[in-house]
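Reviewing the structure listed below.
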Amino acid sequence: MRDASTAPTPPGTGPATPDTARPAVTTPRPAEATRARTAVPAQPPGPQTGLRAGPHPGAERPGSPPTPRTPSSAPPPGEPAGEPATATERRFWALQHTAGHPAAALTFGRFHLTGPVDLPALAVALRAVRERHEGLRTAYTVRCGTLLAQVVDRPVEHEPLVLPSGTAPGDALRLLRAGPAPDATRADLLRWAVVPLPDGADLYLAVHHIAFDGASGEVLAADLAHAYAQALAGERPRPAPAPRHRAQPLAPARRTEHEAYWQHALAGLAELPDDGRGLTRRELLRDTLVQRSVRLGAAEAATLRERARSVAATPFAVLLAAYARALSALAGVRDFAVGTAVADRRAGTEQEVGCLFTMVPVPVRDPLAPDCVPRLWQAVVDCVLHAGLPLENIVRAAGAGRGRRMPLYQATFLLQNWPRHAHHAGPVTVRTVPVPPSAPQAEVLLELYDDGHGPVHGVLQAPSRSVWADRLTSLADRWHQEALLTAAGSGTCAPRPGP
């Protein structure tokens, strides 16, 4: 199964959570962020950085770009009022108003550029990519209780943040996060930073999650390389427009069918115990993270992939089964749900940059049984087939109510396994690099990266006040053990949880 995003969404009628970047970071205090930004030079230090500065033949220099119109409660006469936002966009819009700090809605992309980097040409290319993708220049506003999306011609511009050579990835992402908060009402969705490296540079993007998901990074890398090659040649890139994803409501008969499926599929599932901590969704969003790395070596991962083929499943199913087994053994719960992301890239949206995924709660029943993998894979397939119902409607269909905790599922599993190609731009090669979340996604999260050939690696994360924060080491060890046992086709050695 090819996952749509590193960015999961806590379920419920409330907003989705962020998927942003990097391990165990806390949100910088305003004063701390100010000191960090003023310490950054306007240009990279020394000629060894490999970045060329100065005007570029492909760059427009009309002076300050016009500020785009801020959508208001009533559009001016004769102008379109916008169109309804998608369910995923609605959740990330609400996130900014729930998390307590607007930067919580940011997600991050990292791109490694190998070869000589021309900063003005890179700026021209990045501007052209944003002009191509309507999702990166869409403004959002609420009118008459409905979130509307409207594409603007000239979104807000931000100058690149050029960081000193050798700046660590975590520091680069923290500085981007500490910058001005995104403003989706003005299509202010994107800002970027560059870190010079001996072999080229790392480009970091901070994007409002309403307009970007994990799979969008590969799309953007391909477009960026194409536009960058043109800019390096002194040409002005003029890529073809890529319209944004439009909301497509379910037909009434399909909605009824989906609701009936979810009512049946989620019946009788339990919440994972929290030992009385009672972490609310709002508290979860505002908490800091603790993190633990996990890894399967190349040989172990190869055995796991072969096991998936032998039972007509995918590595996703085997990795999810190992996670479910570990959770069940440590929490003492037999039947529960695990949230995962499902791509919402319909025909014609494969090359679109946007937030094109939805979250679904996968029912996990008796994961310690020997036939866990094929049963769990069938459950995943059924969930994908019924993923057209927005998550908030799944919550209502399941009768989860408005409890203080995350409804339906408290654990999330994500897998990034799409190909990461080398995109060529003249003498420069562009590749995407995975960026783990840097803000809470659930009470516990496992995110993995698999290129289909080498090792499988990733992170376990939990909010610092979650019961799982104290169990991450045990959970990481248990997941590794269960992954090996499941890949070998062996039963777990753990005792079954009680009824």
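Computed from a prediction, not measured in an experiment: that's the story for all the values here. Starting from 1, each residue takes its place in the sequence as its number.
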Practice item. Kindly compute the distance separating CE (M359) from CG (L391), expressed to the nearest 0.5 Å. Key: 7.5 Å
Study note, to complete from the structure: Correct closest heavy-atom pair for A469 and S464 would be CB-O, 3.5 Å
Review point. Under 6.0 Å between ring centres, would you say that holds for F111 and Y204?
Key: no
Point to revise | Any donor-acceptor N or O pair under 3.5 Å, side chains H133, D223 | key: yes
Exercise for review: Return yes if some donor-acceptor pair links the side-chain N/O of T167 with the main-chain N/O of L163 below 3.5 Å, else return no.
Suggested key: no
Practice item. Would you check if P434 and R420 make a side-chain contact, meaning some heavy-atom pair closer than 4.5 Å? Key: yes
Check your understanding: Considering only heavy atoms from C-beta outward, does the side chain of H112 approach that of L197 to under 4.5 Å?
Key -> yes
Check your understanding: Is the backbone of F212 close enough, under 3.5 Å, to the side chain of H209 for a donor and an acceptor to pair up by distance?
Key -> yes
Exercise for review: Output every pair passing salt bridge (charged side-chain N to carboxylate O under 4.0 Å, His left out) with a member in residues 427-442, not counting sequence neighbours, ordered by first then second residue.
Suggested key: none
Review point. Run the side-chain contact (heavy atoms from CB on, under 4.5 Å) check on T88 and D344 step by step: do they pass?
Key: CA-CA 10 Å; T88 302; D344 189 21; 5.9 Å; no
**Study point:** T138 versus G135, closest heavy-atom pair with distance
**Key:** OG1-CA, 3.9 Å
Check your understanding: For the residue pair T141 and W93, what are the closest heavy atoms and their distance?
Key -> CA-CH2, 4.3 Å
Check your understanding: Would you say T114 and V428 make side-chain contact, with heavy atoms under 4.5 Å?
Key -> no
Review point. Should the pair R110-D202 be classified as a salt bridge under the 4.0 Å nitrogen-to-oxygen rule?
Key: yes
Study note, to complete from the structure: Rounding to 0.5 Å, atoms CG (L205) and CG (L126) come to a distance of 6.0 Å
Study note, to complete from the structure: The residue among H158, R137, H208 that forms side-chain hydrogen bond (donor to acceptor under 3.5 Å, both in side chains) with D188 is H158
Check your understanding: Do you know the tightest heavy-atom contact between L289 and P440?
Key -> CD2-CA, 3.8 Å
Exercise for review: Using the side-chain contact (heavy atoms from CB on, under 4.5 Å) rule, take Y140 and I210 through it: C-alpha gap first, then chi angles, then the decisive distance, then the call.
Suggested key: CA-CA 10 Å; Y140 297 85; I210 206 169; 3.8 Å; yes
Check your understanding: Do the side chains of E83 and L148 get nearer than 4.5 Å, heavy atoms only?
Key -> no
Check your understanding: Should Q230 and R236 count as side-chain neighbours, where that means a heavy-atom distance under 4.5 Å?
Key -> no
Study note, to complete from the structure: Value for CZ (F357) from CG (L414), rounded to nearest 0.5 Å, stands at 8.5 Å
Point to revise | Carboxylate-amine/guanidinium contact E131 R238, below 4.0 Å | key: no
Review point. Which pair of non-hydrogen atoms, one from T340 and one from F413, has the smallest distance, and what is that distance?
Key: OG1-O, 2.8 Å
Review point. Run the salt bridge (charged side-chain N to carboxylate O under 4.0 Å, His left out) check on R254 and E259 step by step: do they pass?
Key: CA-CA 9 Å; R254 288 285 289 166; E259 289 174 345; over 6 Å; no
Check your understanding: Is E157 paired with R191 through a side-chain N to carboxylate O contact shorter than 4.0 Å?
Key -> no
Review point. Got a second to check how far L136's CG is from R127's CZ, nearest 0.5 Å?
Key: 14.0 Å
Check your understanding: Got more than 12 heavy atoms from elsewhere within 6.0 Å of NE2, H226?
Key -> no
**Study point:** Side-chain heavy-atom pair V362, C383 within 4.5 angstrom cut-off
**Key:** yes
**Study point:** Donor-acceptor pair, side chain of S216 and main chain of G354, under 3.5 angstrom
**Key:** yes
Review point. Heavy-atom distance under 4.5 Å between the side chains of V338 and Y409, does that happen here?
Key: no
Review point. How far does CG of L320 sit from CG of L446, to the nearest 0.5 angstrom?
Key: 9.0 Å
Check your understanding: Would you call the rings of Y261 and H386 parallel, tilted or perpendicular, where under 30° means parallel and over 60° means perpendicular?
Key -> parallel
Point to revise | Stepwise salt bridge (charged side-chain N to carboxylate O under 4.0 Å, His left out) check, D213 with R345 | key: CA-CA 11 Å; D213 60 19; R345 292 183 175 268; 3.2 Å; yes
Review point. For the residue pair E218 and H421, what are the closest heavy atoms and their distance?
Key: OE2-N, 2.9 Å
Point to revise | Distance (rounded to the nearest 0.5 Å) between L448 CG and N417 CG | key: 10.0 Å
Check your understanding: Is a side-chain donor or acceptor of R132 paired with a backbone partner of P239 at a separation under 3.5 angstrom?
Key -> no
Practice item. Answer yes or no: is there an ion pair linking R244 with E352, defined by an N-O contact shorter than 4.0 Å? Key: no
Exercise for review: Decide yes or no on side-chain contact (heavy atoms from CB on, under 4.5 Å) for R405 and D274, but give the supporting numbers first.
Suggested key: CA-CA 10 Å; R405 293 180 71 190; D274 66 351; 3.7 Å; yes
Check your understanding: Would you say S466's side chain and P463's backbone share a donor-acceptor pair under 3.5 angstrom?
Key -> no
Exercise for review: Return yes if some donor-acceptor pair links the side-chain N/O of Q410 with the main-chain N/O of L272 below 3.5 Å, else return no.
Suggested key: yes
Check your understanding: If only atom types and distance count, is the side chain of S165 paired as donor or acceptor with the main-chain N or O of P196 below 3.5 Å?
Key -> yes
Exercise for review: Apply salt bridge (charged side-chain N to carboxylate O under 4.0 Å, His left out) to the pair R90 and E392, showing each step before the final yes or no.
Suggested key: CA-CA 10 Å; R90 292 197 304 269; E392 61 263 31; 2.7 Å; yes
Check your understanding: Is Y323 close to V444 at the side-chain level, that is, under 4.5 Å between some pair of heavy atoms?
Key -> yes
Exercise for review: Check step by step if side-chain contact (heavy atoms from CB on, under 4.5 Å) holds for L175 and L161.
Suggested key: CA-CA 9 Å; L175 289 170; L161 184 63; 4.2 Å; yes
Point to revise | P252 backbone acceptor or donor facing T256 side chain under 3.5 Å | key: yes
